[in-house]
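First up is the structure itself, then whatever we jot down about it.
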Amino acid sequence: MSDSAWVSTSMPYLTPREKGQPDAWGEEAASRSGKGSQRIVHAGEAPAPEEVAALIGVAPGEPVVVRRRVIELDGVPCELTDTYYPAEIARGTRLAGTGKIRGGAVTLLAELGHVGVRVREDVTARMPTADEREALRLGGDEPVLRLNRVTLDADDRPIQADMMVMPAHRQRLRYEIRIG
């Protein structure tokens, strides 16, 4: 399937931005007359959890770089995102810090020579953990969507893995697939 054969609401987040373009979330929020922001609550090296290790092809416990963020729309938390990178790609770069990255992490990855050409996403629904419920300001009976994404380069090597948790009632995921 060629790159132009599928469209998803994830596509803007997978494509490096042109110089001067706002980040993808800010642009999407503005298109809905809102203000998109994010708070980076942690960045740096950490041992790879088992699930992350499987996604990015490292041994569990091996060092990876993680950026933990709370994504907000008009000041209201709408997503929790942990993004993981192989340490050899991200160690010593702005990906390992808490500062905002102009154009987003995908743009920086491209500048570093790591361009995604294929992505795999898995979406599941479940009840949130107590920490997720509190961070997302959810009631006790509100489920979340969990979207796990791995981005691979031209050599089929994982360059990034995202683990996102979103209130199910505040999200819409769209996938369009051209048949034939």
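Just so it is clear, the model here is predicted, and its values are computed rather than measured.
For the pair Ile56 and Pro86, the tightest heavy-atom approach, listed with the atom from each and the gap, is CD1-N, 4.1 Å. Ala96 and Ala90 make their closest contact through CB-O, 3.9 Å (heavy atoms, listed as atom of the first residue, atom of the second, distance). Counting all heavy atoms, side chain and backbone alike, Ala125 lies closest to Leu145 at CB-CD2, 4.1 Å. The minimum heavy-atom distance linking Val64 with Pro47 is given by the pair CG2-C, 4.4 Å. Residues Ala53 and Ala48 approach most closely at CB-CB, 4.1 Å, considering heavy atoms. The two residues Ala87 and Pro63 make their nearest non-hydrogen contact at CB-O, 3.5 Å.
Under the 4.5 Å side-chain heavy-atom criterion for Ile, Leu, Val, Met, Phe, Trp and Tyr, Leu95 and Ile159 are members of the same hydrophobic cluster. Leu73 and Leu136 are members of different hydrophobic clusters when ILVMFWY side chains are connected at heavy-atom separations under 4.5 Å. Follow the hydrophobic side-chain contacts under 4.5 Å out from Val65 and you reach Ile89 in the same cluster. Connection of Met164 to Val123 is established within a shared hydrophobic cluster, with ILVMFWY side chains joined at heavy-atom distances below 4.5 Å, either directly or through further cluster members. A continuous path of Ile, Leu, Val, Met, Phe, Trp and Tyr side chains, each step under 4.5 Å between heavy atoms, connects Tyr85 with Leu112, placing both in one hydrophobic cluster.
Within the 4.5 Å cutoff, the side chain of Gln38 has no heavy atoms near those of the Glu72 side chain. Within the 4.5 Å cutoff, no side-chain heavy atoms of Thr81 are placed close to those of Met163. Annotation: side chain of Arg157 is not in contact with side chain of Leu152 (no heavy-atom distance under 4.5 Å). Using a 4.5 Å cut-off on side-chain heavy atoms (C-beta onward), Glu142 and Pro128 make no contact. Counting only heavy atoms from C-beta outward, the side chains of Arg67 and Asp82 never approach each other to under 4.5 Å. Counting heavy atoms from C-beta outward, Val52 and Val66 have side chains that stay 4.5 Å or more apart. Counting heavy atoms from C-beta outward, Glu51 and Asn148 have side chains that approach closer than 4.5 Å. Residues Ile71 and Leu80 have side chains not in contact (no heavy-atom distance under 4.5 Å, counting atoms from C-beta outward).
The environment of CD in Glu134 is sparse: at most 12 heavy-atom neighbours from other residues, nucleotides or ligands sit within 6.0 Å.
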- Is there a side chain to side chain contact (heavy atoms under 4.5 Å, CB included) between Arg69 and Arg39 once you walk through the steps? CA-CA 5 Å; Arg69 297 169 289 146; Arg39 287 183 288 118; over 6 Å; no
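With Gln171 contributing its side chain and Cys78 its backbone, the two residues share a donor-acceptor pair below 3.5 Å. At least one donor-acceptor pair under 3.5 Å links the side chain of Glu132 to the backbone N or O of Thr129.
Taking CZ of Arg94 as the reference point, atom CG of Leu109 lies at 10.5 Å (rounded to 0.5 Å). Annotation: the span from Thr151 atom OG1 to His114 atom NE2 amounts to 13.0 Å, rounded to 0.5 Å. Put simply, CE on Met127 and CG on Leu138 are 8.5 Å apart, with the number rounded to the nearest 0.5 Å. A distance of 8.0 Å separates CD of Glu88 from CZ of Arg91, quoted to the nearest 0.5 Å. Summarising the geometry, atom CZ belonging to Arg149 is positioned 7.5 Å from atom CD belonging to Gln160; distances are rounded to the nearest 0.5 Å.
Side chains of Arg102 and Thr107: a donor-acceptor N/O pair is absent below 3.5 angstrom, by distance only.
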